[in-house]
Colleague: 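Take this structure, written in structure tokens, and hold onto it; I'll ask about it next.
Whatever order the structure lists them in is the order used to number ligands and atoms, beginning at 1.
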Amino acid sequence: MSEILLEVKGLKKHFPIKSGLLRRTVGQVKAVDGVSFTLNEGETLGIVGESGCGKSTMGRMVMRVLEPTEGTILLYGQDITRMSPGGLRKLRKDFQMIFQDPYSSLNQRMLIRDLIAEPFRIHGQLSSADIDKEVIRLLETVGLRATDLFRHPHEFSGGQRQRIAIARALSLNPKLIVADEAVSALDVSIQSQILNLMVDLKRQYHLSYIFISHNLAVVKHISDRVGVMYLGHMVEIGLKKSLFHKPLHPYTEALLSAAPEPKRNSTRERIILQGDVPSPANPPHGCPFHTRCPKAFDRCSKERPILKEVLPDHQVACFLYE
Ligand SMILES: Nc1ncnc2c1ncn2[C@@H]1O[C@H](COP(=O)(O)OP(=O)(O)O)[C@@H](O)[C@H]1O
Ligand SMILES: [Mg+2]
């Protein structure tokens with residue numbers, strides 16, 4: 001058994017909706033509404049769900065760049081939910097984030113060398129000569145070259161820019177990388193190159209990932225376990241093999257049936273979901289999915305199901321399994 005790196009319990013983020021001259025709070029956007037999961041050391045947890053389900057908000061809370069409304073985040077058993085700025089600064093080394101668009105997350109006027117060295121200058125105690133050596137080593141680790149040191153981000157392709165963002169994230173030897181739609185803007189062939197690089201780096205650096213994507217194929221490629229989010233809730237979570245082989249939640253079934261299957265002889269029937277994701281400012285009572293669920297029954301509109309283990313390391317929040 002590997003050690004538990006991260007434990008998230010009952011995490012919520014409610015954004016206030018303000019209105020009128022007095023900017024009174026007239027409601028709450030329940031972007032994340034009670035999410036719990038654990039992440040083992042060296043593991044990749046994929047998070048899927050349609051746009052607006054709260055994936056990014058959850059990732060930003062785990063990174064501690066967004067204050068949770070409720071809930072706790074434990075790192076190696078230590079509560080990091082409410083921490084002093086000093087404590088947080090130390091923690092920043094352990095957590096890094098990679099975003100969809102490295103074009104906007106990388107300062108365009110900086111040289112690659114300074115972009116990758118920046119975290120060292122903020123946190124480290126390396127001399128200038130050592131920093132250059134380290135930056136070159138990192139560039140080579142992510143498949144770039146020493147000659148790239150004195151170029152600017154705009155001189156690189158999208159895939160190469162994502163490599164730069166990864167080098168920067170790696171610079172302080174993090175324990176956890178949260179990748180939020182990290183390959184979503186790239187061509188499919190480039191996507192798999194970056195995913196393969198991330199898999200290699202995980203082994204080499206003993207990293208753990210939370211890999212957020214609306215794209216099931218991408219999550220399937222890289223994850224050990226997968227969590228499915230819907231309207232601020234984790235509706236299903238489990239070992240990748242189990243979840244893809246035997247999806248339990250009707251929402252997961254619908255997502256899987258809509259994803260293009262490489263195997264032509266797939267027997268999976270396509271389920272078309274009706275309507276859009278309801279507004280998280282006014283979520284339905286009961287099960288968050290019941291308004292679109294083809295299998296919903298009476299109870300689903302009245303009570304909210306909680307996650308229960310139905311198969312080994314595979315939990316679902318659905319009354320069909322009670
Ligand atoms: N700063 C914010 N203020 C108000 N609402 C927000 C804010 N950030 C996100 N939201 C809302 O929270 C919900 C979840 O958003 P997000 O976490 O970005 O979902 P996802 O990443 O799954 O697409 C959305 O309805 C979004 O509009
Ligand atoms: Mg997002």
Colleague: Show me the side-chain donor-acceptor pairs of residues 8-20 shorter than 3.5 Å, one per line, residues at least two apart or across chains.
Modeller:
| unit_1 | atom_1 | unit_2 | atom_2 | d |
| --- | --- | --- | --- | --- |
| Lys13 | NZ | Glu67 | O | 2.6 |
| His14 | NE2 | Asp33 | OD1 | 2.7 |
| Lys18 | NZ | Thr25 | OG1 | 3.3 |

Colleague: Tabulation required: pairs of a nitrogen or oxygen in ligand 1 and a protein nitrogen or oxygen under 3.5 Å; columns are atom names and distance to 0.1 Å; otherwise 'none'.
Modeller:
| unit_1 | atom_1 | unit_2 | atom_2 | d |
| --- | --- | --- | --- | --- |
| ligand 1 | 17 (O) | Thr57 | N | 2.9 |
| ligand 1 | 17 (O) | Thr57 | OG1 | 2.5 |
| ligand 1 | 19 (O) | Gly54 | N | 3.1 |
| ligand 1 | 21 (O) | Ser56 | N | 2.9 |
| ligand 1 | 21 (O) | Ser56 | OG | 2.8 |
| ligand 1 | 22 (O) | Cys53 | N | 3.1 |
| ligand 1 | 22 (O) | Gly54 | N | 3.1 |
| ligand 1 | 22 (O) | Lys55 | N | 2.9 |
| ligand 1 | 22 (O) | Lys55 | NZ | 2.8 |
| ligand 1 | 23 (O) | Gly52 | N | 2.7 |

Colleague: Would you call the rings of His154 and His152 parallel, tilted or perpendicular, taking 30° and 60° as the class edges?
Modeller: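 Answer is parallel, since the angle falls under 30°.
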Colleague: Which value, rounded to the nearest 0.5 Å, describes the distance between Arg60 atom CZ and Thr57 atom OG1?
Modeller: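 Between Arg60 CZ and Thr57 OG1, I get 6.5 Å after rounding to 0.5 Å.
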Colleague: Does Asp148 pair with Arg163 as a salt bridge, N-O distance under 4.0 Å?
Modeller: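 Salt bridge absent between Asp148 and Arg163.
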Colleague: Count up the protein N, O or S atoms sitting under 2.8 Å from the Mg ion (ligand 2), would you?
Modeller: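 Protein heteroatoms (N, O, S) closer than 2.8 Å to the Mg ion (ligand 2) number 1.
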Colleague: To the nearest 0.5 Å, how far apart are CD1 in Ile116 and CE in Met110?
Modeller: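 Going from CD1 on Ile116 over to CE on Met110, the span is 10.0 Å.
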Colleague: Could you grab the distance from atom CD1 of Ile190 to atom OG of Ser157, nearest 0.5 Å is fine?
Modeller: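 So the gap between those two atoms works out to 6.0 Å.
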Colleague: Is Glu134 paired with Arg137 through a side-chain N to carboxylate O contact shorter than 4.0 Å?
Modeller: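 The answer is yes: the pair qualifies as a salt bridge.
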Colleague: Tell me who clusters with Phe319, hydrophobic residues only, linked when side chains sit under 4.5 Å apart either directly or through other members.
Modeller: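 Result for Phe319 is Leu248, Phe297, Val310, Leu311, Val316, Leu320, Tyr321.
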Colleague: Is Asp180 salt-bridged to Lys55, cutoff N-O under 4.0 Å?
Modeller: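 Salt bridge flag = no for Lys55 with Asp180.
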